[in-house]
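A quick write-up on the structure given underneath.
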Amino acid sequence: MKNYIKHDPWCIIEEGFYPEYNEITESLTSLGNGRMGQRGNFEEQFSGKTLLGNYVAGVFYPDKTRVGWWKNGYPRYFAKVLNACNWIGINVDIEGETLDLATCTVSDYSRVLNMKEGILERTFVATFASGKQVRVHAQRFCSIVDDEAGAIRYSVTPLNFDGTITLTPSLDGDISNKDSNYGEKFWDEIHKETAFGEAYLEMRTKDTPFKTELFNVCTGMKIDILVNGESVDFQSKPVKSAKYVACKIELKAKANEEITLYKYAVNLASLNHALEDLLPNAKAYIARISAKGFKQMKAEHAQAWAERWAQNDIIIEGDSDSRTDAAQQGIRFNIFQLEQTYTGEDARLNIGPKGFTGEKYGGSTYWDTEAYCLPFYLATADQKVARNLLVYRHKHLQKAIENAAMLGFNNGAALYPMVTMTGEECHNEWEITFEEIHRNGAIAYAIHDYIRHTGDESYLAEYGLDVLVGIARFWAQRVNWSADKKKYVMLGITGPNEYENNVNNNWYTNYLAAWCLRYTLSAVNSLQAADSGVQPAVLGTLSEEELTKWQHIVDNMYYPYDAERQVFLQQDGFLDKELLTVEDIKEHRPINQKWSWDRILRSCFIKQADVLQGLYFFEEEFDTETIRRNFDFYEPMTVHESSLSPCVHVIQAAKLGYNEKAYEMYLRTSRLDLDDYNNDTEDGLHITSMAGTWMSVVKGFGGMRIKDGKLAFTPFLPEQWKGYSFRIGFRGQVVRVAVRPGEVEVENLSSQALSLAINGTEITVAAQATEVVKG
Ligand code: BGC
């Protein structure tokens, strides 16, 4: 755990230079706007520890699979989140000396990400070997208004000399992915040009045998220079090399004169522009934003952020101390990064586990989207955003059917991939690719979750049933009848707890599979019974025999259970393990960094919610004491080494009245990256688990559920806080809920009355009115 980021309600602050943590701070200060994003890298050259990262949404590279032992069914490529042209570069030279914070002496350093306005800012004084000193002030943002553009204001002030300062703003496409399987670079140069402080570089992803889409990205920049706030004419010398273009600008500077460079940049991708339009559109875009100017762009961007915060902020009230600031900073950081990653405007995009903050995990879509992210978008964004996330999987249905067919399934059985960009599977560890199939269930569950929240029943007929039937067919073929147990069993499974592989009868997967079949059957029944509307074609493909078989599985599924402890067993044989608790191995954590895989697999330690994931999804199907017994049994063995783990535990601990545990887990999820709990923030942020942090407050502390088509809250107030509030969008209405000691305030922000339950009592709040419920 690290503790160098200053606690502040609105900003992520690195005060003083921590070069040893630079890659962590780069992750924490990442910027994005849903179309593109980047890590908080320096503009000027830096020879110290750094992970360069610029990403363009939807642009990926299919890197040929690399495994030690090939297994039939492995995907041929792994879709990499592609590191793209570095557009922020501005090198600074002062009479033969290069500004490089790894070699200069650095003082007065701060790097601040202002989440309220979406601006990254750096200030420092650098002293060169010659004794010359400069002050630098850099500001930049990826505009959420002009979402293919970013802008930088970079100023250099010589403090103790008059001399020549050379600024070289560049576009550098000679970029590699750190996770490249064969050390290859993934871009080819298509075109470059530069003139009069403007430059363009068009790159194209290398061709591959995999027949996935190739992408062109045209990056452009335009430079303005000011001296002491006044615009000046300047000479710019073109610099060109392979995949690189820059403008070299020499300026005579006097001591204490501020030289400011504005860099306007765009990244246009062939995903959104015809190939022949890329360059002309980039030029037009650059002309438009540079005419607008930095100040105006920044003001519009900040205003747009103010509007987002007005809708989605979670406000924590407490003593104005560092502890409250830490809790507030945590939740805002999570909301801010989610908003930067996915806006829901483009149905082709999804939410990668690292968003625009790193390469690790590749792909853009895991089960994380359905199981963790969907509730956030359901409650905080327009309904079409959540719908887009669901339709995305509908578009990939055919590929999921092909994927299942490749593994030997038939009759339209669909197995969605563990990780994907195009609908094709990219994961290539057999115990996950072939065995971690619970992902299929999360996709079905998301359809249920969406309809439950929005009331949009029409989704089933339009798209939902196609997906449900594909998934149901898969489960029906994946189980087998055990003559010994006289039950259906599921063999060779990896559950959500990836610290167990190739187990039999993972309780969560068995339960989820049976639930999917049950849900699909009820969807089929209700659509068959509906006398209006278009009937989905897939109904016609279902035989009575098939439906009867599904029902037979639902009625006869095997669930491992320990009658003595009255808990569900994570899998067959779980009780053969030495049952220790996390307390017993305190100094061994994180075990994934300290133990061999063999030791992990044999241990009882659980990476993330597994049985408890099922009890979270299907809470209504179990009584509270059952949930309590299972929580008490499994939580003490859980090491939470997946970022997705703590949030599920917050929600359950809160339900069970384990308030301290809920709060402890909340801090862990909300400050996971800020405090680098799992020692891996340097790889990028855990974007998908950030939606889990939001759920921790709303579903955990706020106790939000949907019951009988209505919102219901059973809130509790952590004793560390004086209050908190959040907004929920629900079936076209918006409600603000504020929890304070002894009362819950509900403000109905919409134009129609809203009925909802607080602590089990139904109340109706008139339009634009506020009700306070005591007790
Ligand atoms: C977790 C998975 C998750 C993946 C991407 C893994 O560490 O165990 O459940 O889907 O990360 O976030």
Side-chain angles (χ1 to χ4, degrees), residues 27 78-81 179 334 337-338 341-342 350-374 376 389 393 415-421 425-443 445-446 493-503 506 508-509 512 570 589-593 595 597 600-601 605-614 616-617 634 637-649 668-669 672-673 677-693 695:
S27 299
F78 188 88
K80 300 262 151 97
V81 166
D179 65 353
N334 287 261
Q337 289 295 348
L338 278 168
T341 306
Y342 181 76
N350 210 285
I351 310 145
K354 297 273 166 224
F356 300 122
T357 71
E359 298 165 11
K360 207 177 161 193
Y361 288 113
S364 74
T365 317
Y366 280 69
W367 73 300
D368 306 27
T369 296
E370 286 79 15
Y372 293 87
C373 300
L374 188 76
F376 171 78
L389 285 174
R393 293 292 196 176
L415 174 61
Y416 279 92
M418 184 67 192
V419 47
T420 192
M421 276 285 188
E425 177 63 270
C426 287
H427 213 289
N428 57 36
E429 286 166 282
W430 64 268
E431 59 277 28
I432 293 181
T433 313
F434 308 136
E435 296 201 329
E436 204 175 332
I437 51 180
H438 66 83
R439 60 199 186 235
N440 241 18
I443 291 164
Y445 184 82
I493 293 295
T494 296
N497 168 25
E498 292 174 346
Y499 290 176
E500 298 276 1
N501 303 146
N502 203 31
V503 301
N506 170 257
Y508 171 70
T509 310
L512 189 62
Q570 191 175 269
R589 293 168 65 195
I591 59 172
N592 65 11
Q593 288 168 25
W595 282 6
W597 191 241
I600 290 176
L601 288 178
F605 294 108
I606 301 172
K607 184 182 181 190
Q608 66 200 92
D610 194 301
V611 168
L612 299 185
Q613 180 74 32
Y616 155 65
F617 270 173
Y634 286 111
M637 290 185 252
T638 307
V639 286
H640 304 291
E641 287 174 15
S642 159
S643 63
L644 300 175
S645 189
C647 61
V648 173
H649 291 81
R668 198 175 167 134
T669 176
L672 181 91
D673 286 320
Y677 266 94
N678 286 349
N679 256 330
D680 58 0
T681 304
E682 61 190 20
D683 298 331
L685 303 175
H686 298 86
I687 296 294
T688 45
S689 84
M690 291 184 169
T693 304
M695 286 202 286

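Counting starts at 1 for both ligands and their atoms, in listed order. Quantities reported herein were computed from a predicted structural model and do not represent experimental measurements.
- Exactly one residue among Val639, Leu644, Val648 makes a side chain to side chain contact (heavy atoms under 4.5 Å, CB included) with Gln608. That residue is Leu644.
- Taking each heavy atom of Ile687 and Gln337 in turn, the nearest pair found is CD1-CB, 3.9 Å.
- Taking every non-hydrogen atom of Leu644 and a distance limit under 4.0 Å, the qualifying atoms of ligand 1 come out as 3 (C), 9 (O).
- For Lys607, every heavy-atom contact with ligand 1 shorter than 4.0 Å involves the side chain, none the backbone.
- Taking every non-hydrogen atom of Gln608 and a distance limit under 4.0 Å, the qualifying atoms of ligand 1 come out as 1 (C), 8 (O), 9 (O).
- At a 3.5 angstrom cut-off on N or O pairs, Trp367 counts as close to ligand 1.
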Using the side chain to side chain donor-acceptor pair (under 3.5 Å) rule, take Tyr499 and Asn592 through it: C-alpha gap first, then chi angles, then the decisive distance, then the call. CA-CA 9 Å; Tyr499 290 176; Asn592 65 11; 3.2 Å; yes
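- Checking side-chain atoms of Tyr366 against main-chain N and O of Tyr361 turns up a donor-acceptor pair under 3.5 Å.
- Around atom 4 (C) of ligand 1, the closest heavy atom drawn from Tyr499, Tyr372, Tyr366 belongs to Tyr366.
- A tilted orientation is assigned to the rings of Phe617 and Tyr508, their planes being inclined by 30° to 60°.
- Among protein heavy atoms, atom 5 (C) of ligand 1 sits closest to Asp368 OD2, 3.3 Å.
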